[in-house]
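Both counts, for ligands and for their atoms, begin at 1 and track the order of listing. Heavy atoms only: backbone and side chains are in, while hydrogens, waters and symmetry mates are out.
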Amino acid sequence: MPPTSDLASSPIAILSALPQEQHGLMELLQRPRKVTHARRDFWLGELHGQPVVLALSKIGKVAAATTTTALIERFGVRRIVFTGVAGGLGHGVKVGDVVVATDFLQHDLDVSPLFPRYEVPLYGKTRFHCDAALSALLFEASCAALAHENRVAHGFEGACVHQGLIASGDRFVSGADESNLLRDLMASAGHEVLAVEMEGAAVAQVCMDYGVPFAVMRTVSDRADDSAHVDFPAFVDAVASRYARAIIERFLNLLSKK
Ligand code: ADE
């Protein structure tokens with residue numbers, strides 16, 4: 001890892017999957033400057049007095065790995081925070097809740113019988129861990145933001161913040177049978193998954209390769225069930241950007257006091 005002085009001056013990357021999720025953060029960005037690299041737009045600037053790079057991971061694990069690698073190699077980021085949406089998979093994970101990831105696995109990775117199901121070959125690992133300190137700040141920021149949003153904007157009744165395992169895979173999970181099967185298969189291998197999305201495990205693996213701390217928060221847009229295809233776009237348009245902005249503002253504020 002770089003010395004502490006480098007850490008303070010290196011920009012923090014704030015990654016989102018979709019433009020709608022990034023929108024609220026773009027509005028806050030001070031002294032914005034766009035750099036196009038690897039067919040992506042990277043927005044450099046300041047948020048709450050801190051140097052940041054805003055970027056879209058795009059959708060899926062390969063795209064997210066490319067964006068993450070570019071952020072580290074080209075823009076010198078030494079911390080990454082991901083804000084996005086996910087499908088709720090765990091029992092009790094409702095639309096409007098927030099999940100802060102502790103770790104990730106790939107639900108569609110299966111090199112059995114050569115390696116155990118879900119294990120990333122040649123890493124000897126199935127689960128890739130988020131940075132505990134950054135995740136603790138993100139959790140605190142998420143709790144405060146959710147409480148505030150629900151007070152002022154009448155959000156989701158009883159919405160709460162969870163912390164735990166998230167599964168990533170290159171498919172949009174949109175059926176109750178499929179999501180039940182996924183959850184049960186992973187549970188039988190000892191992995192109790194809270195939510196499903198399409199990028200986090202790739203970001204986690206690249207960050208581990210480079211030794212870059214990262215944290216991820218996902219707002220639950222749907223239940224990965226038969227109405228996911230309707231719930232997802234409605235949520236992304238109406239809520240995701242507002243939540244991402246409220247959480248990241250608080251997160252950066254907490255980080256600046258460290
Ligand atoms: N992101 C948000 N909802 C999702 C779902 N149902 N499947 C995969 N990724 C998602």
Side-chain angles (χ1 to χ4, degrees), residues 14-24 55-68 81-110 118 128 130 138 142 146 155-156 159-187 191-205 214-245 247:
I14 301 173
L15 263 176
S16 317
L18 296 167
Q20 297 97 313
E21 294 167 325
Q22 193 188 48
H23 185 72
L56 294 180
S57 62
K58 301 197 179 183
I59 313 286
K61 289 182 287 176
V62 173
T66 300
T67 305
T68 306
V81 179
F82 195 113
T83 73
V85 296
L89 212 62
H91 298 294
V93 180
K94 313 174 297 298
V95 171
D97 286 358
V98 171
V99 179
V100 175
T102 51
D103 50 353
F104 282 91
L105 64 70
Q106 295 182 48
H107 66 71
D108 57 354
L109 183 65
D110 185 2
Y118 310 120
F128 288 72
C130 306
L138 200 53
S142 301
L146 210 62
F156 294 86
C160 54
V161 184
H162 309 263
Q163 248 182 324
L165 177 65
I166 295 183
S168 310
D170 286 320
R171 52 179 292 111
F172 183 76
V173 181
S174 56
D177 291 347
E178 183 186 352
S179 63
N180 288 336
L181 185 66
L182 268 180
R183 186 183 51 242
D184 294 348
L185 269 175
M186 288 187 279
H191 308 297
E192 296 291 341
V193 171
L194 294 180
V196 65
E197 41 84 298
M198 302 178 67
E199 298 82 23
V203 176
Q205 191 170 330
F214 77 100
V216 177
M217 81 86 193
R218 295 276 188 169
T219 313
V220 177
S221 56
D222 57 82
R223 275 289 305 169
D225 57 11
D226 300 330
S227 59
H229 64 292
V230 180
D231 297 340
F232 170 84
F235 189 95
V236 164
D237 287 340
V239 189
S241 161
R242 188 159 55 80
Y243 271 38
R245 176 176 166 153
I247 292 171

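- Residues H107 and V196 meet the side-chain proximity criterion, which asks for heavy atoms closer than 4.5 Å.
- Those atoms of ligand 1 with a heavy atom of F232 less than 4.0 angstrom away are 2 (C), 3 (N).
- Considering backbone and side-chain N/O of S174, none are found under 3.5 Å from N/O of ligand 1.
- Checked against a 3.5 angstrom limit, the closest N/O atoms of M198 and ligand 1 fall outside it.
- Looking only at atom types and distance, the side chain of Q163 has no donor-acceptor partner in the side chain of T102 under 3.5 Å away.
- Distance from atom 7 (N) of ligand 1 to its nearest protein heavy atom, with residue and atom name: V173 N, 2.9 Å.
- Contact between R171 and ligand 1 is present, with at least one heavy atom of the residue lying under 4.0 Å from the ligand.
- Protein heavy atom at the shortest distance from atom 3 (N) of ligand 1 is D222 OD2, 2.7 Å.
- Side-chain contact check for V81 versus F214: every heavy-atom pair is 4.5 Å or farther apart.
- The shortest distance between side-chain heavy atoms of Q106 and Y118 does not fall below 4.5 Å.
- Of the listed options G175, A86, A167, A86 places a heavy atom closest to atom 2 (C) of ligand 1.
- V196 O, 3.7 Å is the protein heavy atom nearest to atom 10 (C) of ligand 1.
- Distances below 4.0 Å separate heavy atoms of A224 from the following atoms of ligand 1: 6 (N).
- The shortest side-chain heavy-atom distance between F232 and V85 falls under the 4.5 Å cut-off.
- With a heavy-atom cut-off of 4.0 Å, S221 touches ligand 1 through its side chain alone.
- Under a 3.5 Å cut-off, the side chain of S241 and the backbone N or O of D237 do not form any donor-acceptor pair.
- Residues L15 and T83 fail the side-chain proximity criterion, which asks for heavy atoms closer than 4.5 Å.
- Side chains of F82 and R218 form a contact here, defined as non-hydrogen atoms less than 4.5 Å apart.
- Given atom 4 (C) of ligand 1, the protein heavy atom at minimum distance is F172 CE1, 3.4 Å.
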